[in-house]
Amino acid sequence: ESTEWYLKPVGDGAHFYIVSVESGLFLETTNTPDESWVKTKAVRLVGANSDFSVQWRKEDIGSGEFMLKNREYGRFLQCSPSVDLDTGSSEGGRQIRAHNSQLNMARWREIALEE
């Protein structure tokens, strides 16, 4: 369950929250640069709130794919390359960050999960 998320509508018809199934925390992007790569900003889990930093919009790019754009900072949620940007290691999985451009790593697709 730790990698399952759901989209909770904000109520304006355009934006939503990305919520962790496991913790109930909201995905937020900050304006804090990652130490190793100035183009990306930190992403973290925070308690429920209505700040624009926890609100996201889907930008359809066709073929069932979309990009997730943060309402506060206009950055796109992306999965980093297989190499950890902080350590240079490929161990420990990939990282989620917010980037200022529309990279291929920022493409997402919704899938239905079995109950």
Requested in this report: May I ask whether Val46 and Phe52 are part of the same hydrophobic cluster, defined by side-chain heavy atoms of I, L, V, M, F, W, Y residues being less than 4.5 angstrom apart, directly or through others?
Outcome: no

Please tell me if the side chains of [X] and [Y] come closer than 4.5 Å, counting only heavy atoms from C-beta onward.
X	Y	result
Trp5	Val19	no
Leu77	Val43	yes
Phe76	Met67	yes
Val54	Leu27	no

Query raised in the report: Phe16 and Ile18: which non-hydrogen atoms are nearest, and at how many Å?
Result: CE1-CG1, 3.8 Å

**Report entry** Minimal non-hydrogen separation, Ala42 against Thr29, with atom names
**Finding:** O-OG1, 3.3 Å

With sequence neighbours excluded, residues passing side-chain hydrogen bond (donor to acceptor under 3.5 Å, both in side chains) with [X]:
X	value
Glu72	none
Lys58	Glu110
Thr30	none
Asp60	none

**Report entry** Straight-line distance of Glu65 CD to Trp108 CH2, nearest 0.5 Å
**Finding:** 11.5 Å

Query raised in the report: If you round to the nearest 0.5 Å, how far is CG of Leu68 from CZ of Arg75?
Result: 15.5 Å

Query - Sequence-distant partners of Phe66, ring-ring contact (aromatic ring centres under 6.0 Å, His included), two or more places apart - result: none

Report task. Quick one: list whatever passes ring-ring contact (aromatic ring centres under 6.0 Å, His included) with Phe26, sequence neighbours left out. Result -> Tyr17

Report summary line: The single option from Arg71, Arg44, Lys41 that satisfies salt bridge (Lys or Arg N to Asp or Glu O under 4.0 Å) with Glu28 is Arg44

